[in-house]
Amino acid sequence: MAKKTAIIKPPIILAGRESKTFARKLAGELGVQLGKVEIATFSDLETHVIVKEDLKDRDVYIVQATASPANENIMELLLLAAAAHTHRPKRITAVVPFFGYRRQEKVTTEGEVLSFQLIAKLMKSAGINRILTIDLHKHRSTKYFKEFNIVSKELRAFPILVEYLKKKKLDNFVVLAPDKGGIPESEKYARALGVPIVKFYKHRSIRKRDEVRIDRYEGEVKGKNIIIIDDEINTAGTLMGVVDVLKKEKARNIYFACTHGVLSGAAVQRLAKSPIRQVIITDTIYLAPEKRLKKMKVLSVVPLFAQQIAKWSK
Ligand code: R5P
């Protein structure tokens, strides 16, 4: 009897509307096809999804950053996964360059919900088997994926940002951690760049969540070039709080680097008016043209995602 030849189908990428640019770049890097999907929003704001590809036995990657509007983008990702699931694929991986609800990974008061865990559960229900993401707020958050038997890989933008910062060849500079939670990560940057670290301790107002007060700091900033490192910039409240102190303390040039440019509310206007020399972010979230400033530098983390997918596809 003639031996059967198995045809291995290549992976396929489906893009959510938030991450079309990211998905296109990713497909280009991997030399794979972008699958056909039809996504629409009804006038009552319901989302409607049709996956127009035969995905049977295929390794499917759905790319969608669940950035603002987080709830709509999450729902779109869930619907895309559930629609893909109807084609009986081999596996569905959600590629989530920005994971909405990443900061709600703990319960701090009675009556609060562990939102991150709920999102993981919803993803499992929608048929997602694997998650590829980058720089969650707390690295231990991946345990919530495990809880629902979702395999996950959390990448780090660290090598991309460090490589860029090294090329700047700045002298007399320090790395600054804007809050207690950011100290371990900033220490990694300071070690990689071979410079001292300055530690700031912040306090966020409960009533005005986009305002941050710096309680105290440790380290030397006077006359120094400063690189502030954070995981995201959202309202820029944290950054403005830090910059105010740095101005008073007569620091020299101020740079800021982070993975996720959330840039909600008045963030862009605040950055435009601030004395910050350069804002370095990555492309985990699509940066609309009206949000772009000359002082912004966007580095791509697509190669990191492509490398991981290539590794998984071997
Ligand atoms: C907080 O724990 C985070 O690491 C960031 O510092 C924070 O999310 C930045 O938000 P915002 O720009 O609104 O201050």
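Numbering of ligands and ligand atoms starts at 1, following listing order.
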Please check if the number of heavy atoms outside Lys36 that lie under 6.0 Å from its NZ is greater than 12.
no
Side-chain contact test, heavy atoms from C-beta onward, threshold under 4.5 Å: evaluate it for Thr93 versus Ile131 and give yes or no.
no
Looking at Lys291, I want to see if its NZ is surrounded by more than 12 non-hydrogen atoms of other residues, nucleotides or ligands under 6.0 Å.
yes
Expected rows: ligand 1 N/O, protein N/O, dist below 3.5 Å:
unit_1   : atom_1 : unit_2 : atom_2 : d
ligand 1 : 2 (O)  : His137 : NE2    : 3.3
ligand 1 : 4 (O)  : Asp230 : OD1    : 3.1
ligand 1 : 4 (O)  : Asp231 : OD1    : 2.6
ligand 1 : 6 (O)  : Lys202 : NZ     : 3.2
ligand 1 : 6 (O)  : Asp230 : OD1    : 3.3
ligand 1 : 6 (O)  : Asp230 : OD2    : 2.6
ligand 1 : 8 (O)  : Arg103 : NH1    : 2.6
ligand 1 : 8 (O)  : Glu232 : OE2    : 2.8
ligand 1 : 12 (O) : Asn234 : N      : 2.8
ligand 1 : 12 (O) : Thr235 : N      : 3.1
ligand 1 : 12 (O) : Ala236 : N      : 2.8
ligand 1 : 13 (O) : Thr235 : N      : 2.8
ligand 1 : 13 (O) : Thr235 : OG1    : 2.5
ligand 1 : 14 (O) : Arg204 : NH2    : 3.1
ligand 1 : 14 (O) : Thr238 : N      : 2.8
ligand 1 : 14 (O) : Thr238 : OG1    : 2.5

Any donor-acceptor pair under 3.5 Å from Lys199 side chain to Leu176 backbone
no
Charged N-O contact under 4.0 Å between Arg102 and Glu232:
yes
Which atom pairs, donor and acceptor, lie under 3.5 Å between side-chain atoms of residues 301-314 and protein residues at least two apart or in another chain?
unit_1 : atom_1 : unit_2 : atom_2 : d
Ser313 : OG     : Ile309 : O      : 2.7

